[in-house]
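Here's the structure we're looking at; comments come further down.
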Number of protein chains: 2
Amino acid sequence: MHTASTLELALLSLLQQQPRSGYALRRAFATTPLTHFSDSPGAIYPALQRLRRRGWIRLAPRIRQTNGRGKRTMAPTPRGIAAWRTWLRRPVERPDIIGGMDEVMLRFAFLEEGVSRRAAARLLVSLQKQIAAYLPTLEAYAAEAAASMSLSGRLALQSGIEGYRARARWARRAEQRLTRPQQKAAGAKRARRSGRTR
Amino acid sequence: MHTASTLELALLSLLQQQPRSGYALRRAFATTPLTHFSDSPGAIYPALQRLRRRGWIRLAPRIRQTNGRGKRTMAPTPRGIAAWRTWLRRPVERPDIIGGMDEVMLRFAFLEEGVSRRAAARLLVSLQKQIAAYLPTLEAYAAEAAASMSLSGRLALQSGIEGYRARARWARRAEQRLTRPQQKAAGAKRARRSGRTR
DNA sequence: CGGGACATGTAAGATGTTACATGATTGA
DNA sequence: TCAATCATGTAACATCTTACATGTCCCG
């Protein structure tokens with residue numbers, strides 16, 4: 001199975017929602033704050049070409065082509081969708097939380113609509129596990145290195161540690177929200193709670 | 001003034017502490033959790049060559065060259081230090097907090113030893129300002145888009161918003177720690193406070 | 001004397017950035 | 001008609017990844 005760049009996966013995530021043109025994708029990146037990808041044509045059009053050559057997306061049946069010199073609307077192929085789902089399902093590994101938290105959050109954001117609420121909850125479990133495994137390493141380093149660091153250095157390190165702790169807390173809360181749905185403030189929809197979480 | 005990659009700046013930050021060889025830099029990245037840079041020779045040696053060609057670092061007087069086929073120890077030049085300080089002093093801008101928070105934290109971590117405690121506090125002020133300016137945009141988007149998003153999508157967005165809020169709170173606390181230093185718990189070292197920090 | 005850490009590099013390839021090129025459509 | 005927005009792309013360049021190449025030193 002091909003590996004894909006984060007940009008390609010983000011593109012696929014948006015196309016899976018609905019067929020779009022390159023320009024529409026650019027605008028989505030420019031106006032969506034989820035994760036910031038470049039909205040530059042020099043990144044997006046080549047990425048779309050790669051996806052097309054790989055057989056993950058294709059030109060969608062032209063709805064109308066009123067605008068521009070021909071709007072080229074793209075849609076994912078079944079193989080593209082399959083590859084996307086495989087990516088979504090990947091559990092969180094150590095390297096993901098060190099350099100690639102953005103990618104993890106992108107995955108989580110689309111996991112429910114791409115696979116299932118259950119799968120989204122599972123990702124949060126593996127995320128919590130990885131953070132729990134990584135934090136002691138970080139804390140040990142902080143304890144050991146603090147003496148030789150400036151105050152601003154220590155504070156920066158502390159910020160990183162607190163960031164991980166906050167992320168883990170969020171993951172725990174989010175997991176609960178996903179696994180035992182309960183009524184929102186707005187009216188008493190569904191007051192009972194059926195057993196079986198997770 | 002040349003623009004430099006984050007890796008180059010990180011390299012310069014470490015060399016400024018003490019002259020090191022490429023291998024020592026690689027190990028620093030491999031064992032330091034501050035920000036994760038690649039410890040691959042294919043990234044570091046070319047980056048060092050670029051810095052050398054640019055005149056920002058030079059071969060340090062060979063202390064001893066017992067090991068390997070000749071350990072090449074590098075040290076920053078005055079021009080390198082000047083460029084590094086210019087980078088450190090840059091206030092936080094909008095793009096920095098969207099895609100480049102790692103770089104901001106790297107800058108902050110070295111600001112005290114590179115410039116001054118005051119300058120580190122100033123960076124935190126501009127960081128808080130940028131976050132305060134960006135949060136309403138994010139929140140407005142969340143309020144508007146929530147209806148059309150899955151629960152996991154909403155939770156992911158919420159995580160981003162909470163992350164910014166947590167970062168802003170940290171910045172406020174850190175700024176206080178930097179601007180009014182007070183004695184640490186460990187013994188009454190230096191009970192008096194002379195004016196003038198930096 | 002063999003393996004692992006020390007040590008520096010190159011080559012091929014993927015990806016992204018910045019800047020430019022091109023042209024249609026729409027509203028003031 | 002002029003500018004803005006829509007729309008798609010390419011070219012040059014920088015940077016990073018992965019994999020390989022090479023050789024030394026030290027310890028068991």
Side-chain angles (χ1 to χ4, degrees), chain A residues 1-12 14-15 19-31 35-54 56-57 59-60 62-74 95-96 98-100 102-103, chain B residues 2-12 15 19-31 35-54 56-57 59-60 62-74 95-96 98-100 102-103:
Chain A
M1 185 72 69
H2 238 54
T3 53
S5 73
T6 310
L7 176 62
E8 287 166 5
L9 268 347
L11 253 12
L12 210 46
L14 290 175
L15 290 179
R20 294 170 205 244
S21 65
Y23 189 75
L25 290 163
R26 282 182 62 199
R27 264 186 327 179
F29 286 143
T31 61
T35 317
H36 200 59
F37 292 99
S38 81
D39 61 339
S40 78
I44 286 174
Y45 291 109
L48 287 172
Q49 281 164 7
R50 286 196 301 272
L51 287 168
R52 199 139 44 109
R53 277 200 301 269
R54 205 178 297 158
W56 287 11
I57 65 175
L59 280 164
R62 195 74 33 84
I63 313 292
R64 285 168 313 150
Q65 63 118 308
T66 45
N67 264 4
R69 78 181 159 210
K71 180 150 49 169
R72 299 163 74 71
T73 304
M74 312 283 184
D96 291 325
I98 293 183
D102 276 3
E103 207 225 68
Chain B
H2 239 52
T3 54
S5 73
T6 310
L7 176 61
E8 286 165 6
L9 268 347
L11 253 13
L12 209 46
L15 290 180
R20 292 172 207 244
S21 66
Y23 189 76
L25 291 163
R26 282 181 63 198
R27 264 185 328 181
F29 287 143
T31 61
T35 317
H36 200 59
F37 293 99
S38 80
D39 60 338
S40 79
I44 286 175
Y45 291 109
L48 287 172
Q49 280 164 7
R50 287 196 300 272
L51 286 168
R52 198 139 45 110
R53 278 199 301 267
R54 206 178 296 157
W56 287 11
I57 64 174
L59 280 165
R62 195 72 34 85
I63 313 292
R64 283 169 314 148
Q65 63 116 308
T66 46
N67 264 3
R69 78 180 160 209
K71 180 151 48 169
R72 300 163 73 72
T73 303
M74 312 283 183
D96 291 325
I98 292 182
D102 275 4
E103 207 225 69

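Atoms considered below: every heavy atom in the structure, side chains included; atoms not considered: hydrogens, waters and symmetry mates. No experiment lies behind these values; they were computed from the predicted model shown. In what follows, every chain begins at residue 1, and chains take the letters A, B, ... in the order their sequences are listed.
Atom CG of A/Leu25 and atom P of D/dA7 are 12 Å apart (whole Å). Rounded to an integer number of Å, the gap from A/Glu103 CD to C/dG16 C1' is 16 Å. Per the geometry, OH belonging to A/Tyr45 stands 9 Å off P belonging to D/dA7, to the nearest Å. Going from atom CG of A/Leu59 over to atom C1' of D/dT8 covers 12 Å, rounded to whole Å. In this structure, B/Tyr23 atom OH and C/dC6 atom C1' are separated by 5 Å, rounded to whole Å. The CG-C1' distance, from B/Leu51 to D/dA14, rounds to 14 Å in whole Å. Put simply, CG on B/Leu11 is 12 Å from P on C/dT8, counting in whole angstrom units. To the nearest angstrom, C1' of D/dC16 lies 12 Å from CD1 of B/Ile44.
Using a 4.5 Å heavy-atom cutoff, the side chains of A/Arg20 and A/Leu15 are in contact. Taking 4.5 Å as the limit, some side-chain heavy atom of A/Leu25 sits within range of a side-chain heavy atom of A/Leu48. B/Leu11 is listed as a side-chain neighbour of B/Phe29, based on a closest heavy-atom distance under 4.5 Å.
Not one side-chain nitrogen or oxygen of A/Arg50 sits closer than 4.0 Å to the OP1 or OP2 atom of C/dG13. Applying the 4.0 Å criterion to OP1 and OP2 of C/dT8, one finds that B/Gln49 has every side-chain N and O outside that range.
With C/dG16, D/dC6, C/dC6 as the choices, the nucleotide that has an atom nearest any side-chain atom of B/Arg27 turns out to be C/dC6. With distances taken from any side-chain atom of A/Ser38 to the nucleotides C/dT15, C/dT17, D/dA19, the minimum falls on C/dT17. Distance from the side chain of B/Arg72 is smallest for C/dT8 among the nucleotides D/dT8, C/dT17, C/dT8.
Here A/Ser5 lies in heavy-atom contact (under 4.0 Å) with sugar-phosphate atoms only. Nucleic acid contact for A/Gly42: base, since at least one base atom lies under 4.0 Å from a heavy atom of the residue. B/Ser40 comes within 4.0 angstrom of a nucleotide base, judged by non-hydrogen atoms across all strands.
Summary of the strand contacts: B/Ala43 and A/Pro41 both lie near DNA chain C, and taking for each the nucleotide with the nearest heavy atom, the more 5' one is attributed to B/Ala43.
Rounded to the nearest 0.5 Å, atoms OG1 (A/Thr6) and CG (A/Asp102) are 8.5 Å apart. From B/Thr73, atom OG1 reaches atom CD1 of B/Ile57 across 11.0 Å, with rounding to the nearest 0.5 Å.
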